[in-house]
Amino acid sequence: QVQLVESGGGLVQAGGSLRLSCAASGSIFSINAMGWYRQAPGKQRELVARISSGGSTNYADSVKGRFTISRDNAKNTVYLQMNSLKPEDTAVYYCYCNYLTTYWGQGTQVTVSS
């Protein structure tokens, strides 16, 4: 089993920065892809960023150039550095990892004020 614990959410002003962390723990030796989804009220769930075990990354067009995903394989932790935040980034952010099946974090609220 794998457990994901998220941290780093909060309230920031537009133009500010925030870093989300998601640590995976459990009876695992390695994890394949990890990433972040987000969901705002009334909006479709959106894949924000993804990073493979080899470090290959993918970003949603809406965040490309502003967000950076990274991972520390030794810690089984994925990060999302969010810069130049906009009110449109306001959402609940969920991390996930793939290890035989897909596991999800509990979600962390990111609110960007204008």
>> Check for me whether the distance between the ring centres of Y93 and Y37 falls short of 6.0 Å.
In response: no
>> Strictly by salt bridge (Lys or Arg N to Asp or Glu O under 4.0 Å), give each pair with a member in residues 87-112 just once, sequence neighbours left out.
In response: R38-D89, R66-D89
>> Is the shortest side-chain heavy-atom distance between N76 and Y99 below 4.5 Å?
In response: no
>> Using modelled atom types and a 3.5 Å cut-off, is there a donor and acceptor pairing between side-chain atoms of Q106 and backbone atoms of E6?
In response: yes
> Which value, rounded to the nearest 0.5 Å, describes the distance between N58 atom CG and L47 atom CG?
Replying inline: 8.0 Å
>> Just by distance, no angles: are the side chains of Q13 and S114 close enough, under 3.5 Å, to form a donor-acceptor pair?
In response: no
> Can you hop from I51 to Y96 via hydrophobic side chains spaced under 4.5 Å?
Replying inline: no
> Does a side-chain heavy-atom distance below 4.5 Å link Q109 with T90?
Replying inline: yes
> With a 3.5 Å cut-off and no angle check, do the side chains of S17 and N83 form a donor-acceptor pair?
Replying inline: yes
>> With side chain to side chain contact (heavy atoms under 4.5 Å, CB included) as the criterion, how do E46 and Q39 come out once you've worked through the C-alpha distance, each side chain's angles and the decisive distance to 0.1 Å?
In response: CA-CA 6 Å; E46 178 185 32; Q39 188 163 32; over 6 Å; no
>> Between S52 and M34, is there a side-chain heavy-atom distance shorter than 4.5 Å?
In response: no
> Between V110 and L18, does a side chain to side chain contact (heavy atoms under 4.5 Å, CB included) hold up when you go through it step by step?
Replying inline: CA-CA 9 Å; V110 172; L18 204 62; 4.0 Å; yes
>> What I'd like to find out is whether the side chain of R71 reaches to under 4.5 Å of the side chain of T77, using heavy atoms alone.
In response: no
> Side-chain contact, heavy-atom cut-off 4.5 Å: L20 with S7?
Replying inline: no
> Going by heavy atoms in the side chains, are Q3 and Y103 under 4.5 Å from each other?
Replying inline: no
> Is T108 close to V92 at the side-chain level, that is, under 4.5 Å between some pair of heavy atoms?
Replying inline: no
> Are L4 and Y94 connected in a single hydrophobic cluster, I mean Ile/Leu/Val/Met/Phe/Trp/Tyr linked by side-chain heavy atoms less than 4.5 Å apart?
Replying inline: no
>> Set out, in order, the CA-CA distance, both residues' side-chain angles and the distance that settles side chain to side chain contact (heavy atoms under 4.5 Å, CB included) for W36 and C22, then state yes or no.
In response: CA-CA 9 Å; W36 298 87; C22 177; 3.7 Å; yes
> Does the pair T68 and L80 meet the rule for a side chain to side chain contact (heavy atoms under 4.5 Å, CB included), with working shown?
Replying inline: CA-CA 6 Å; T68 302; L80 186 67; over 6 Å; no
> Linking I/L/V/M/F/W/Y whenever any side-chain heavy atoms sit under 4.5 Å apart, do Y79 and F67 land together?
Replying inline: no
